[in-house]
There are 2 protein chains.
Amino acid sequence: MIRLLIADDHPVVRAGLGALFATEPDLIVVGEAASGEEAVARSYAGVDIVLMDLQFGGGMQGADATRRIRERSGAPHVLVLTNYDTDADILGAVEAGAAGYLLKDAPPEELIAAVRAAARGESALAPTVAGRLEARQNAPDDALSSREAEVLTLVADGMSNRDIARQLFLSEATVKSHLVHIFTKLQVSSRTAAVASARERGAIRSA
Amino acid sequence: MIRLLIADDHPVVRAGLGALFATEPDLIVVGEAASGEEAVARSYAGVDIVLMDLQFGGGMQGADATRRIRERSGAPHVLVLTNYDTDADILGAVEAGAAGYLLKDAPPEELIAAVRAAARGESALAPTVAGRLEARQNAPDDALSSREAEVLTLVADGMSNRDIARQLFLSEATVKSHLVHIFTKLQVSSRTAAVASARERGAIRSA
DNA sequence: ACCGACGTGAAACTTTCGAATGATGCCTCT
DNA sequence: AGAGGCATCATTCGAAAGTTTCACGTCGGT
């Protein structure tokens with residue numbers, strides 16, 4: 001018997017996953033969570049697999065929750081389940097310790113198979129995802145640091161360097177410094193181009 | 001008895017909505033559709049309400065499907081159900097003849113109430129959505145001219161004023177002039193903010 | 001025929017951004 | 001202990017971007 005925890009902020013999705021797994025005799029849903037925090041709190045030892053959404057309406061996001069859960073010993077495996085298959089999301093999830101990365105539009109059989117695989121301790125990456133990861137391995141090292149990503153997000157919201165500095169309690173010089181690094185890593189030379197590039201590769205999420 | 005058709009390309013969401021409505025004695029799901037085309041085909045007279053997702057993986061999108069369904073006489077009411085609440089999406093759906101606009105993260109009771117309201121012929125806009133529509137009504141006349149939209153698109157791609165001028169066979173001064181008008185209409189004061197604002201209201205589609 | 005609104009274009013001027021360089025302190029990994 | 005990555009801050013300068021103000025058509029209306 002495989003015990004599941006479903007973490008998703010959409011009640012409809014929780015109900016759907018619950019209904020799906022209810023038809024399988026060896027799977028049982030033992031809990032639900034509507035936020036990242038809740039997911040961490042409910043991932044006690046009696047849970048075998050956590051189905052984790054990456055996007056939550058507010059608070060802790062799925063990747064962080066995954067990290068928190070996995071850093072404990074005897075932690076359940078985490079299967080990430082999301083709408084998007086952007087590089088940044090996938091990489092973040094895998095790096096956070098996810099055993100698998102599934103898309104919400106996947107056929108039910110695939111979900112169920114992935115749950116069973118994860119319960120056996122296997123990694124269950126969708127084929128498209130695996131290919132993407134491989135491509136990422138060969139890509140130049142251009143991962144933004146978390147601080148840089150934070151700055152870039154504010155830039156994408158249209159804030160000026162001064163605004164960003166105030167918001168993050170930094171000097172304007174520091175913001176510029178971060179931007180230089182961002183430009184270098186993204187191989188661009190203006191803030192709008194950086195935003196365009198980041199959107200393309202899924203490093204930032206539109207409002 | 002209210003007969004429902006569920007149109008969504010995510011099996012999980014279909015299952016979730018099905019499970020949700022199964023608990024209500026006066027609601028019955030009489031069909032499912034995984035694409036816009038399928039939704040149109042299955043919206044025969046025996047259906048009272050269509051739950052319509054706006055985003056489909058490919059082919060006909062929800063707004064077009066809604067239009068097709070509603071243009072027939074004796075057509076079922078269409079409740080649009082989506083992840084995003086951008087102005088453009090909402091406006092498009094309502095204009096296509098949707099009786100309601102709901103977000104997927106809405107609580108189940110709200111969904112069910114909306115279905116019943118739609119079955120009675122009432123309009124069931126989520127409060128947040130209604131407010132947004134109203135705001136749109138009162139908003140200053142901020143429609144961009146086609147030339148302005150053209151410029152803004154290039155800005156969103158990260159091009160400099162000089163690049164844009166060259167591409168559109170203009171002087172740099174003219175590009176700036178267009179930008180001034182764009183800023184005024186969007187009520188912002190920088191190019192990146194303009195792009196953010198345009199993305200928010202759906203005037204620009206990200207790559 | 002006149003007026004005004006609007007899209008378009010343009011100059012001069014101010015502010016912000018980005019490039020280049022350098023420096024400090026704090027981590028982690030080796 | 002040393003190397004390297006990251007975050008922080010500073011100064012200087014030239015290049016963009018943004019502001020202000022003006023001008024010229026075209027079009028619709030009273």
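This one's a predicted model, so the numbers in the text were calculated from it and none came from an experiment. To find a chain, count down the sequence lines: A is the first, B the second, and so on, and within it residues start at 1.
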TODO: Indicate whether OP1 or OP2 belonging to D:dT8 is found under 4.0 Å from a side-chain N or O atom of A:Thr174.
DONE: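 A:Thr174 to D:dT8 OP1/OP2: no side-chain N or O under 4.0 Å.
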TODO: Using only side-chain N and O atoms of B:His178, determine if any of them is under 4.0 Å from OP1 or OP2 of C:dG9.
DONE: yes
Task: Stepwise side chain to side chain contact (heavy atoms under 4.5 Å, CB included) test for A:Asp64 and A:Val40 - done: CA-CA 9 Å; A:Asp64 290 323; A:Val40 174; over 6 Å; no
If we only count heavy atoms from C-beta on, is the [X] to [Y] side-chain gap below 4.5 Å?
X: B:Leu111; Y: B:Leu102; answer: yes
X: A:Ile28; Y: A:Phe21; answer: no
X: A:Arg70; Y: A:Val78; answer: yes

Open item on the list: Protein within reach of the bases, or only the backbone? For nucleotides 15-28 of chain D, mark each nucleotide 5' to 3' as B, S or -, using heavy atoms under 4.0 Å.
Closed with: -SBBBB--------
How many whole angstroms separate atom [atom1] of [X] from atom [atom2] of [N]?
X: A:His181; N: D:dA7; atom1: NE2; atom2: P; value: 9 Å
X: B:Ile164; N: C:dG9; atom1: CD1; atom2: P; value: 14 Å
X: A:Arg166; N: D:dC9; atom1: CZ; atom2: C1'; value: 17 Å
X: A:Phe169; N: D:dA7; atom1: CZ; atom2: P; value: 18 Å

Open item on the list: Checking side-chain polar atoms at under 3.5 Å, does A:Ser171 have a donor or acceptor matched by the opposite partner on A:Thr174?
Closed with: yes
Identify each donor-acceptor pair in which a side-chain atom of residues 7-16 of chain B lies under 3.5 Å from a protein atom, sequence neighbours left out, and give them as a table.
| from | atom 1 | to | atom 2 | distance (Å) |
| --- | --- | --- | --- | --- |
| B:Asp8 | OD1 | B:His10 | N | 2.8 |
| B:Asp8 | OD2 | B:Lys104 | NZ | 3.1 |
| B:Asp9 | OD2 | B:Gly57 | N | 2.9 |
| B:Arg14 | NE | B:Glu32 | OE1 | 2.9 |
| B:Arg14 | NH1 | B:Asp8 | O | 2.7 |

